[in-house]
Protein chains: 2
Amino acid sequence: MRPLDDFDRKILSALVEDASQSYAQMGEQVGLSAPAVHERVKRMKKDGVILGTTVRLSGDAVEKPLLSFVQVSTRGWGKSQRLMALTRFPEVEEIHAVAGSTCLLMKVRTRDSQALESLLGQLYMTPQVVSTSTFVVLSTYLERPNQAGVTESWPEIVFPDV
Amino acid sequence: MRPLDDFDRKILSALVEDASQSYAQMGEQVGLSAPAVHERVKRMKKDGVILGTTVRLSGDAVEKPLLSFVQVSTRGWGKSQRLMALTRFPEVEEIHAVAGSTCLLMKVRTRDSQALESLLGQLYMTPQVVSTSTFVVLSTYLERPNQAGVTESWPEIVFPDV
DNA sequence: AGTGAAAGGTTTTGGGG
DNA sequence: CCCCAAAACCTTTCACT
């Protein structure tokens, strides 16, 4: 598997921004012809760099406006079948094992607080779960697709005067 | 703006799963013709239900394998210019204001621990920041596109025996 | 609102540098 | 590995139900 070059990174940035644009458009942005862009995209899909294409939906429009992060303290470690069963709730978007204490961090998006409560209820039904601690999101300032800005490294940030 | 019906939700689920499939394919899945699917998709874009189309990238392949969540305690509240400047770091994927204590929650994806440290350094340079608390992700069990499974509500979960 | 057929554009393939 | 050009496919429009 070949490492990514500058063309690849520019193409990825363009795709993260808007995956519905044509190869010709992207080719113009990065300085390649449409078939050249196509070939690189095909290669990056084969190599597992590009996992797939999806749409971004508005949480409000989809009627799941309540976003929360749930820290879960567990007895033991690892993905038990019971914890992985949570995957089947569409409300659960992410599950990570994190360092800092014996715990999992989950990102969940629910219709309302009742739905969140049900989900927490399900959590406490699994015997490994010792306790949970929930952070309800009041407002989201930034939420962008994974790994946006593949191209840039560390931009100069000029802090405005206080 | 019309509320979503069952066809709409099925179309959204299909698009979240794979936005590169053709209208004809989706039409077959949901029981409509290609132009009918197209018209609904066009309407949902206009109404802001569908925000855009992106690709999902592998964090490893993109050379930012270190995912972390950072809790930030701040003095005061709201989006100051200085905090919003963090948006310009591509490493910062999400910034939320959360209830539970006076704090922000950020999701950041960096190349390595040095890059994470630099970012934390930047945080402490902004005068409103009182303290931070970082959770480094050891492994990700689930991370799916926003609002996956628009169609389903609460599936029956059968817990396997312990 | 949905369908079928046709026009316009994009993806995809192949020959050549 | 890239470009140009042609074939195949998809999106988009339109008349009709």
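Note on naming: letters A, B, ... go to the chains in the order of the sequence lines (proteins, then strands), and numbering restarts at 1 for each one.
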To the nearest angstrom, the NZ-C1' distance between Lys45(B) and dT12(D) comes to 12 Å

When rounded to whole Å, the CG to P distance for the pair Leu15(B) and dT11(D) reads 11 Å

Report task. Give a yes/no on whether any side-chain N or O of Lys42(B) is located under 4.0 angstrom from OP1 or OP2 of dT13(D). Result -> yes

*Taking only side-chain nitrogens and oxygens of His38(B), does any of them come within less than 4.0 Å of OP1 or OP2 of dT11(D)?*
no

Between CD of Gln25(A) and C1' of dT11(C) the distance, given in whole Å, is 14 Å

Against the side chain of Ala36(A), the closest entry in dC10(D), dC3(D), dT3(C) is dC3(D)

Taken to the nearest whole Å, OH/Tyr23(A) to C1'/dC10(D) is 13 Å

To the nearest angstrom, the CG-P distance between Asp6(B) and dG2(C) comes to 13 Å

Arg40(A) vs dC2(D): side-chain N/O to OP1/OP2 distance below 4.0 Å: yes

note: Gln21(B), atom CD; dT11(C), atom C1'; distance rounded to Å ~ 17 Å

Same apolar cluster (I L V M F W Y, side chains within < 4.5 Å links), Leu116(B)/Leu83(B) | yes

As a quick check of understanding, evaluate side-chain contact (heavy atoms from CB on, under 4.5 Å) for Leu104(B) and Val98(B), giving each step before the final call. CA-CA 6 Å; Leu104(B) 258 42; Val98(B) 298; over 6 Å; no

_Between Phe69(A) and Glu94(A), is there a side-chain heavy-atom distance shorter than 4.5 Å?_
no

Can you find a pair of side-chain heavy atoms, one from Leu12(B) and one from Ile50(B), that are under 4.5 Å apart?
-> yes

Separation of dC2(D) atom P from Phe7(A) atom CZ, nearest Å, is 7 Å

When Pro35(A) and Arg43(A) are each assigned the nearest nucleotide of DNA chain D, the 5'-most assignment goes to Arg43(A)

Glu39(B) CD to dG2(C) C1', in whole Å, measures 8 Å

